[in-house]
Structure formats: C-alpha cells, structure tokens
Amino acid sequence: MSTPASLPARPEGVMTDGTVTDRLVEANERYADAFTDPGMDARPVLRVAVVACMDARLDLHAALGLELGDCHTIRNAGGVVTDDVIRSLTISQRKLGTRSIVLIHHTGCGLEAITEDFRSELEMEVGQRPAWAVEAFRDVDQDVRQSMQRVRTSPFLLHSDDVRGFVFDVKTGLLREIDPA
C-alpha cells in the first residue's frame, strides 16, 4: 500500500508527483541501473547482529562505520528484544554464523511517550485486541538492560557472551554503553 503524503522538494530530474512508494520504486530503478552483484552471501563478514529501533533518525551503517555485508540488522519499534527478534537472532547465529550481538536504543524514543494502554485503544477502535505487547518503557537504560537479559537467557541462542547494549543520542550521534548490572 502506498502513501499519498505530500512529498518534500527533490533535486531536478527526480520525480515529484505520485506516491512515496512510486518515488521509492523510481529510486530503485536508478540504483539497479548501476548495480553490480557484490558476490557475497548472507553471512555477515563481521559475524555480528545489530538490533535497533526503527526510528528514521538512526543511520546505523553510518553511525557504526559499517559497509554492505558487515552485519545483520534487525529493527523494530524501540529496538526491543521480542520473540520475533529472538527468532531472527537464532537464525542469524545458528544458520548464518553470527557470534556478537549489539543492542541499540536511543534518546527521545516514541515508546517512552506511550503506554500499554495503546493496545486497549486499538481494541476499542478496531474491535480486536492485539496479541503483541507494545513494549513501552519510561527508562531507556533499564529497557536496554532488559533486552540484554532476554538475549542472555534465551535457550535458542548459542552465543550470548558477547552481548552489549547502547543508547544512541539523537542530538550528538554518540553511543553510550549501558552496564548490564
């Protein structure tokens, strides 16, 4: 489904009408014109998986100095370690060779501004309560600790000794490491 949102100004020669999805498809066509197969497989070169928030302000590859093929990137609202994140990490480790896990939350996260009542609001609006938890939080540091603990105690993950958690400051671009204790 595409979004007919108003689009910001674009450089000359770039489509400015249509949907956001139309713009993305056009950008892909330009990308594909210059694309060459990098000749790599799905195994990340650095053997690391990064779990982070989906926030559009986080350019993870740039912030971490990563190149295409360096890592697996798993993103969701809040960067929270949910059952689906454990599923992805398990596949990443057991089938694709990752050994390290980096968790990245950030300052000013939208999950700090909502509560689990969001599920009730949805139920009132659509007549069905979501099966998933919102995973809202008030203390970003504590939520990183909780996510680290979920990774470290998962019976499905082979490698839980190199798990580190950070908070990305959206104003400075710096990571602050969180002590798991």
Side-chain angles (χ1 to χ4, degrees), residues 8 24 27 31 38-119 121-122 130-181:
L24 298 176
Y31 172 80
M40 58 179 73
D41 66 16
R43 296 176 187 277
V45 173
L46 299 178
R47 299 173 64 165
V48 63
V50 177
V51 178
C53 185
M54 66 186 190
D55 191 296
R57 295 171 291 180
L58 278 66
D59 183 349
L60 292 174
H61 276 75
L64 301 173
L66 296 167
E67 299 292 332
L68 181 67
D70 281 348
C71 73
H72 283 159
T73 306
I74 303 160
R75 295 181 78 156
N76 67 16
V80 177
V81 175
T82 60
D83 286 345
D84 194 58
V85 169
I86 293 292
R87 177 186 72 87
S88 293
L89 288 171
T90 301
I91 293 165
S92 178
Q93 284 191 352
R94 291 179 175 266
K95 297 299 181 185
L96 297 166
T98 58
R99 297 291 179 263
S100 301
I101 298 171
V102 174
L103 307 175
I104 301 178
H105 286 36
H106 66 92
T107 58
C109 185
L111 284 186
E112 293 175 289
I114 63 176
T115 67
E116 292 297 323
D117 291 339
F118 181 63
R119 293 172 71 219
E121 294 166 15
L122 286 171
W132 39 263
V134 175
E135 298 279 355
F137 55 86
R138 295 284 173 257
D139 182 338
V140 67
D141 291 18
Q142 184 55 37
D143 202 63
V144 171
R145 285 185 195 97
Q146 176 177 292
S147 288
M148 285 190 283
Q149 184 64 17
R150 287 178 178 174
V151 168
R152 288 190 171 119
T153 59
S154 173
F156 305 111
L157 298 175
L158 295 171
H159 307 284
S160 59
D161 54 325
D162 188 11
V163 177
R164 294 171 65 184
F166 300 86
V167 174
F168 177 86
D169 187 314
V170 298
K171 301 280 189 216
T172 68
L174 290 172
L175 290 175
R176 177 174 51 83
E177 188 158 9
I178 303 301
D179 183 355

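Throughout, residue positions are numbered sequentially from 1 according to the sequence presented.
More than 12 heavy-atom neighbours from other residues, nucleotides or ligands sit within 6.0 angstrom of CD on E177. Within a 6.0 Å sphere centred on CZ of R164, other residues, nucleotides and ligands contribute 12 heavy atoms or fewer. Within a 6.0 Å sphere centred on CG of D41, other residues, nucleotides and ligands contribute more than 12 heavy atoms.
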| said: Walk me through whether V51 and V151 qualify under side chain to side chain contact (heavy atoms under 4.5 Å, CB included). | reply: CA-CA 11 Å; V51 178; V151 168; over 6 Å; no
| message | Using the rule given for side chain to side chain contact (heavy atoms under 4.5 Å, CB included), can you reason through V48 versus D70, listing the C-alpha separation, both sets of side-chain angles and the distance that settles it, and then say yes or no? | response | CA-CA 8 Å; V48 63; D70 281 348; 5.9 Å; no
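Looking only at side-chain heavy atoms (C-beta outward), R138 and T115 come within less than 4.5 Å of each other. At a threshold of 4.5 Å between non-hydrogen side-chain atoms, the residues L175 and L64 count as touching.
Within the model, atoms CG of L58 and SG of C109 stand 9.0 Å from one another, a figure rounded to the nearest 0.5 Å. Remark: R99 CZ to L158 CG distance equals 7.0 Å, nearest 0.5 Å. Distance check: L103 CG to S147 OG gives 6.0 Å after rounding to the nearest 0.5 Å. Here T107 contributes atom OG1 and R176 contributes atom CZ; the two are 9.0 Å apart, rounded to the nearest 0.5 Å. Taking CG of L96 as the reference point, atom CG of L89 lies at 11.5 Å (rounded to 0.5 Å). Atoms CZ and CG, on R152 and D162 in that order, are 9.0 Å from each other to the nearest 0.5 Å.
Looking at R75, its side chain does come within 3.5 Å of a backbone N or O of C53 through a donor-acceptor pair. E112 places no side-chain N or O within 3.5 Å of a backbone atom of A136 that could act as its donor or acceptor partner. With E116 contributing its side chain and V134 its backbone, the two residues share a donor-acceptor pair below 3.5 Å. Of the possible donor and acceptor atoms, one in the side chain of R150 sits under 3.5 Å from a partner among the backbone N and O of V81. A donor-acceptor pair under 3.5 Å links the side-chain atoms of N76 to the main chain of V80, judged by distance alone. Between the side chain of R47 and the backbone N or O of S100, no donor-acceptor pair lies under 3.5 Å. At least one donor-acceptor pair closer than 3.5 Å links the side chain of T98 to the backbone N or O of S92. Under the 3.5 Å distance criterion, the side-chain polar atoms of R119 are matched with a main-chain donor or acceptor of W132. Checking side-chain atoms of H105 against main-chain N and O of G165 turns up no donor-acceptor pair under 3.5 Å.
Summarising the geometry of I86 relative to S154, their closest heavy-atom pair is CG2-OG, 3.5 Å, with the distance given to 0.1 Å. Scanning both residues, F168 and G173, for their nearest heavy atoms gives CE1-O, 3.2 Å. D179 approaches R145 most closely through the heavy-atom pair O-NE, 2.9 Å.
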